[in-house]
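Every chain is numbered from 1 and lettered A, B, ... according to where its sequence line falls, protein lines coming before strand lines.
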There are 2 protein chains.
Amino acid sequence: MMVKITDVARNAGVSPSTVSYALSGKRPISEETRRRVEAAVRELGYRPHASARALAGSRSNVLALVIPLRTGIHVPVVTQFAVSVVTAARRYDHDVLLLTQEEGEDGLRRVADTALVDALIVMDVQLHDPRLPLLRSLDRPSVLIGFPREAAGLTCVDLDFRAAGELCVERLAGLGHRVVALVGSPPEVYVRGTAFAQRVVQGFTAAADRCGLASRVHPCEATPAAARRVAERLLREQPALTGVVVHNEAVLEPLIDAFEQLGLRVPGDLSITAICPDETAAALRVPVTSVALPSAELGERAVDLLLRKLTGAEVPEATLLTPHLTNRASTAPRDAP
Amino acid sequence: MMVKITDVARNAGVSPSTVSYALSGKRPISEETRRRVEAAVRELGYRPHASARALAGSRSNVLALVIPLRTGIHVPVVTQFAVSVVTAARRYDHDVLLLTQEEGEDGLRRVADTALVDALIVMDVQLHDPRLPLLRSLDRPSVLIGFPREAAGLTCVDLDFRAAGELCVERLAGLGHRVVALVGSPPEVYVRGTAFAQRVVQGFTAAADRCGLASRVHPCEATPAAARRVAERLLREQPALTGVVVHNEAVLEPLIDAFEQLGLRVPGDLSITAICPDETAAALRVPVTSVALPSAELGERAVDLLLRKLTGAEVPEATLLTPHLTNRASTAPRDAP
DNA sequence: ATGAAAGCGCTAACAT
DNA sequence: ATGTTAGCGCTTTCAT
């Protein structure tokens, strides 16, 4: 039933070790021998047994990917990230084992200690993440998506969310807007110390101050009703508001609806910039000027770094992707006052 | 560094096989011995090496999950399904390897032939899916999500989409509506022969005919603009329209917006039922009466079936989950004519 | 440039 | 109820 390396060896008239070396390229093989081995492999349809290979070679060629399940994390972002991790991993001849955060630290320890995986990618890292000590102590390399407070000894990748927040504000300032607001993630996201959400706030506030803009920040639940309430509150508290930054995919559309129902046209009366996936921004009724959330690029970078670590190479501890803003229909210069 | 079974055996004063049997429970062990083994396992922090175990036992305890990437498949549905597969698999002490459809048949063959996985779950099966012959020929069991035209010899699970379509119409008919329309998935979904989309159409049409309703079917791109166009067209072609069934998560909200902007209140003038995840239906501005897309239940059922197949049990070839409709704010009796 | 042989860590006959 | 032992299929020394 199963073709094994000894079958290939016999068919090619060489020893099993020669077959192994011919396939791995780990030692020089004569042209003639290589061809015979390759022919035998094809003829017999040989596929090396993954577990046997992993046991003997002490590398499973599998990466673990830990995905978050929590509320306030936008699902398409996670999914696109996962897909790009799988795609990138395959380019390096690796596969991806999917773990949910639900399993927690035990899950990480389990797949690492049983040598089921060679390395780990952990998404949605919190500022004070309980998994950090564990990840540092594992005998396998890992890459984190997100930046915890104490990142020493860990490899972290993320969009530069602070710069993203700044970029959104600077665009509004450049268009002449003087009073701006940030509609952020749901409150629990801040409460539990999700780094990226806080960094957006920091960037937003710093840039607003630097540009001399009046600014406020409002977390917002991921429901249309909450969006509506935030819109009303914004107009009440900042009557001169003409610029809004949104860092909350789920309420982008309802928020625009709410503003328009309250009598404000986008971008006529109100300009909006957002931090969200490009597809989301482009698919809205009013396409929104946005800083892209580059899930796919993040996934690739994470895999690249992880595989370099697996070869023993040194990699930078911090990788911050530069944010890019794309102009769309939701921004316009402020009317002369 | 790594604790192995011989270490545990020595520490407990027994043979390696006794440790193996004590842990697997595959043969009777005296209470005394079991306790000594368990103590040694805990003391040393023993974790069986996954590959060694897989090689010797010829079971990897890993399932493959193949997820679709195509347009027209709603992302949250896929993600929730994946999460529930992982969760269910863990209950059986299995892990999940994530494959994208991109790898195609080669990917399936690879993970099966290298014994990387014991079994496979394949999502988004088409009516004439090129992977079917391959899946039949593999030496590993599989479960398909969706029903192909030729399902003989395969294990398939899905929501009964035909019944779901019927249920949506029957609810509208029961409320007195006489003219209905189905707003369906994007055209390409039908063109490529996605079974579930076609089944909804069949159920919708059959139930409408049976109930004596006038009905039409409109595919719809997953954009707000397309939703708007479909809404306008509907009112033009069926001026007496009072009931709409939506099988397209992405346009649910824009569609309601469009109807209201065209002067139709939901549910005052127009009742809407949908086939979509409950969370989607409940989170809309106007919560929509819907037949749930039970992704989590599907994932669990798929895993249950797969693990029963792995034990050699016979399982039903077809599993159709019964649809359930939940009333929400989007449906009301038709006004007296 | 190739081969022989010793494991990798575990499971499952086959013993007793 | 437990121990002994022969592999599982591959990689990688160590030889030549």
- Item | Pair A:Asn61-A:Tyr92, side-chain hydrogen bond (donor to acceptor under 3.5 Å, both in side chains): steps then yes or no | CA-CA 9 Å; A:Asn61 276 31; A:Tyr92 294 102; over 6 Å; no
- Task: Starting from C1' on C:dT11, measure out to CG on B:Asn61 and report it in whole angstrom.
- Result: 13 Å
- Task: Locate the shortest heavy-atom distance separating B:Ala82 from A:Leu98; write the atom from each residue and the value.
- Result: CB-CD2, 4.3 Å
- Result for side chain to side chain contact (heavy atoms under 4.5 Å, CB included) between B:Ser295 and one of B:Glu279, B:Gln80, B:Glu300 points to B:Gln80
- Whole-Å distance between C:dG3 C1' and A:Arg10 CZ? 16 Å
- Quick one: label A:Thr33 by what it contacts on the DNA or RNA (base, sugar-phosphate, nothing), any heavy atom closer than 4.0 Å. sugar-phosphate
- For B:Arg27 and for B:Arg47, find the nucleotide of DNA chain C with the closest heavy atom, then tell me which residue's nucleotide is more 5'. B:Arg47
- Considering residues, nucleotides and ligands other than A:Glu105, do more than 12 of their heavy atoms fall under 6.0 Å from its CD? yes
- Task: Confirm from the modelled atom types if B:Tyr21 and C:dA12 form a donor-acceptor pair under 3.5 Å, side chain to base only.
- Result: yes
- In whole angstroms, the gap separating C1' of D:dA1 from CD of B:Glu32 amounts to 12 Å
- Task: Could you check how far OH of B:Tyr46 sits from C1' of C:dT11, rounded to whole Å?
- Result: 10 Å
- How would you label the contact of B:Ser17 with the nucleic acid (heavy atoms, under 4.0 Å): base, sugar-phosphate, or nothing? base
- Query: Should B:Thr33 and B:Ser30 be marked as a side-chain hydrogen bond (donor to acceptor under 3.5 Å, both in side chains) after you check the CA-CA gap, both sets of side-chain angles, and the distance that decides it?
  - Reply: CA-CA 5 Å; B:Thr33 305; B:Ser30 74; 2.8 Å; yes
- Task: Can you tell me the distance, in whole Å, between the CZ atom of A:Arg59 and the C1' atom of D:dG9?
- Result: 18 Å
- Note on the structure: Closest to the side chain of A:Ala56, out of D:dG3, D:dC10, C:dA1, is D:dC10
- Any side-chain N or O of B:Thr18 less than 4.0 Å from the OP1 or OP2 oxygen of D:dG3? yes
- N/O (side chain, B:Ser30) to phosphate O (OP1/OP2, D:dT2) under 4.0 Å: yes
- Value in whole Å for how far the C1' atom of D:dT4 lies from CD1 of B:Ile5: 14 Å
- D:dC10 P sits how many Å from B:Leu116 CG, rounded? 14 Å
- Task: Whole angstrom is fine here: how far is it from CG in A:Leu55 over to P in C:dA6?
- Result: 17 Å
- So does A:Lys26 get a side-chain nitrogen or oxygen closer than 4.0 Å to the phosphate oxygens (OP1/OP2) of D:dT12? yes
- Item | Under 3.5 Å donor-acceptor pair, A:Ser20 side-chain atoms to D:dT12 base atoms | no
- Message: For a quick test of reading the model: is some side-chain N or O of A:Arg53 closer than 4.0 Å to OP1 or OP2 of D:dT11?
- Response: yes
